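Each remark here refers to the structure printed beneath this line.
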Protein chains: 6
Amino acid sequence: MKRTTSESKLVISEVMMPSQANVAGNIHGGEIMKLMDSTAYATARRYARSNVVTARVDELEFHLPIFIGDLVICTGQVVFAGKSSMEVAVVVEVEDLEHEGRKRALSAFFTMVALDKKARPFAVPELILETPEEETMFAEGKRRYENYKAKKKAARQKLTE
Amino acid sequence: MKRTTSESKLVISEVMMPSQANVAGNIHGGEIMKLMDSTAYATARRYARSNVVTARVDELEFHLPIFIGDLVICTGQVVFAGKSSMEVAVVVEVEDLEHEGRKRALSAFFTMVALDKKARPFAVPELILETPEEETMFAEGKRRYENYKAKKKAARQKLTE
Amino acid sequence: MKRTTSESKLVISEVMMPSQANVAGNIHGGEIMKLMDSTAYATARRYARSNVVTARVDELEFHLPIFIGDLVICTGQVVFAGKSSMEVAVVVEVEDLEHEGRKRALSAFFTMVALDKKARPFAVPELILETPEEETMFAEGKRRYENYKAKKKAARQKLTE
Amino acid sequence: MKRTTSESKLVISEVMMPSQANVAGNIHGGEIMKLMDSTAYATARRYARSNVVTARVDELEFHLPIFIGDLVICTGQVVFAGKSSMEVAVVVEVEDLEHEGRKRALSAFFTMVALDKKARPFAVPELILETPEEETMFAEGKRRYENYKAKKKAARQKLTE
Amino acid sequence: MKRTTSESKLVISEVMMPSQANVAGNIHGGEIMKLMDSTAYATARRYARSNVVTARVDELEFHLPIFIGDLVICTGQVVFAGKSSMEVAVVVEVEDLEHEGRKRALSAFFTMVALDKKARPFAVPELILETPEEETMFAEGKRRYENYKAKKKAARQKLTE
Amino acid sequence: MKRTTSESKLVISEVMMPSQANVAGNIHGGEIMKLMDSTAYATARRYARSNVVTARVDELEFHLPIFIGDLVICTGQVVFAGKSSMEVAVVVEVEDLEHEGRKRALSAFFTMVALDKKARPFAVPELILETPEEETMFAEGKRRYENYKAKKKAARQKLTE
């Protein structure tokens, strides 16, 4: 089975509530991280048609403060697919609903692993790349994934020495 | 100030969680109603650039059961705008992420009223209609709004007789 | 098995919290709708002694703003019972605890359907009517239910034409 | 100003949700304690017409397990009123909605203190006792309150010796 | 199997959020009670290595107001263990993170009962006492537990007379 | 003003609830990220004695699945302090309460910025380093912080070219 990158696109969006903010009215970074993870979870689950878990999250940088009442729009998209791993790019945009304009707030890559009902790795569809940009993203995702696997292997060897 | 119907479009989407379901795994109708109201709230608030409150909700019919893990996508759009009142059409689609396809689950009209910081009615932008379909929706929204106002007036007169 | 309308009466009441309000301190309409649905759910579930789901909600009009700290009292009562469908009338009263008086805020009719453990329609008790007022409510509920069924049938025929 | 015990009666009721239970489906004792405190808070706040805080809770014994889906009904009533302190009796009843009958699950006494906007003690209305039973409850509440005050005073003296 | 009192120690700690407070910014007593119950639940569950339920909570006195943003630290420790019952002492400390110092806010004893998967009483490990202070706490816990059992027995006899 | 690294240590711990898990019972990565952010927030806020916001989160790798009922213990510690920025190391340990042992699940570095009441950068205390290990962590934190600042500056220059 195969799927295109654009088919994998999925949006999660929510209005920020008082219970998600600190006393100064700023939304906690952790709330945004949770929303990004939900987006990666839903994107990967739909792509794989199976349960998935989060294995790794790339570096995150918060460029804009986000406030109570803002609309937060998270867009997920599978950019790399291995055997049972997928890399999902999550882009976060923010909109102050009472003023003009939507701004890009941050983005990150989530590595998700597909699991079957007995929690064993589950094979995911092959990713069809349609544009040169998608090919570049795939190559970069593959490189990140291989670095991560190599690091994990090294950590395991260290433990057994 | 003026805005088009298509400019007013806004999406709220969420994955349904175990805490939103009854013991049989069905999502409570009330959770969907709350999500629809959030969508109407955000759509009207962005359209009016002011705080808004819900005044009225049309009849709702649930055509499909919705389950834990489903993605629920609510799309709001202003279809009628009066002085400080707006009618927002909210369409709900549902997607079982581990199986094919997105289905229309239900829709409803929400009447929202714009308020300024002292809770007085606040004038909203004029709605620009671009297609015959938008003109039909506007006329229907206006009719519903006038019925609602007439009913409210009658109820008040009855109280003061 | 048979039950009276008055036996079916059930109350759900809650103090409104900051997490249920917009930035101006008004409780979101959606929170009240969710509470009304919980009341209809509990009332119908107790009446039918089975799981139930929401099929339809009548037009809703919010007459009073509701604020953080208010006590909201929802009273449900079965007013019509068919084979596996019930119509529950839900009345919402609001009380500002630091000032005198309880006020009627809104009311609506919820159509609930009883389901057995395999999600098939489940027969509900017959409704015993004890007063002329209950007989009127039953007749009105029956009429609304028949309109709703006729509309559903028409929608299905349209799809298969 | 004066109020009767029966005027002070207030009910908070809720259907227990999966998020309030342990893995075996039993509702956590802490959820019930939180609901009882909400009831005491609302009862005392309405009686005093001011903000209130919890100062003391009597011994609690859970006689019945409570499960997901049960309706929990908490009834609060002021049984003793001092200058700015009130004792609220909270009775908890439980009903398994799919089976017959409502059972008394537990009860406790909450000491609540009325505070003005600057968090200083605030005088509460005098309690009018209408029945011998209310007089007995008042006398018992007074005795508990005086014991509690004496214990607090002793603890303070010990600290300053 | 045996365990020491110090092995049983467990900490639950949380920063208080706006959704846990009344309108004046004070955290509801019920939120603290819920956190204490979670601590007793986790402490007893780890001690018994089985599911547990709350049977009884001792008198609680709130000595300090707790506010939004405070860190609340609950420490649980098994002080008495019978056949399937345990008494857990829960101490609550509070820290205003923007100012110096951690203060003891309150403490209470929770009686927890271990249950197996069929909800039958489950035998818990014997408690090893290592210091004279632990022996005193055990003796006091035993006395409280025996009073509680005697009271329960008396209540049952009264019901069957 | 000065503070030591060990003085800055702070623990947030919580038992995982059904509402934090996917349908297979695994806790969502996003819930753990949110808990880690709360820990970084509280640690930095106490260190700076001011409000703080999250600016950056390092790469995260989930080594162990976490399940409903597990105790999650997050320990935060300031390892680097600049003018108004702090780097907080957050270590996450997990304990299955019904079985032996606590395991290290993951760790990450959070960059937090102190803000005054008008949301301007606020000077934080100097960090006193007491051990060679703390000096190494400080040097690494400083390097990460300088890379991050250089990258931000480069991004800004690119925007203004």
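Sequence lines set the chain letters: A, B, ... in the order given, protein chains first and strands last, and positions in each chain run from 1. Predicted model, so just to flag it, every value in this text is computed and none were measured.
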Query - Structural part of I73(F) lying under 4.5 Å from a heavy atom of chain E - result: neither
Query raised in the report: Between L71(F) and chain E, which part of the residue has a heavy atom less than 4.5 Å away: side chain, backbone, both or neither?
Result: side chain
**Report entry** From L10(E) atom CG to R45(E) atom CZ, the distance as rounded to the nearest 0.5 Å
**Finding:** 10.5 Å
Query raised in the report: Could you give the distance from CG (D70(E)) to CE (M16(E)), rounded to the nearest 0.5 Å?
Result: 8.0 Å
Requested in this report: Have a look at R46(E) and tell me which of E98(F), H99(F), E95(F) forms a side-chain hydrogen bond (donor to acceptor under 3.5 Å, both in side chains) with it.
Outcome: E95(F)
Report task. Would you kindly say whether S85(F) and Y145(F) are connected by a side-chain donor-acceptor distance under 3.5 Å? Result -> yes
Query raised in the report: Of the backbone (N, CA, C, O) and the side chain (C-beta and beyond), which part of L35(E) lies under 4.5 Å from a heavy atom of chain F, both, or neither?
Result: neither
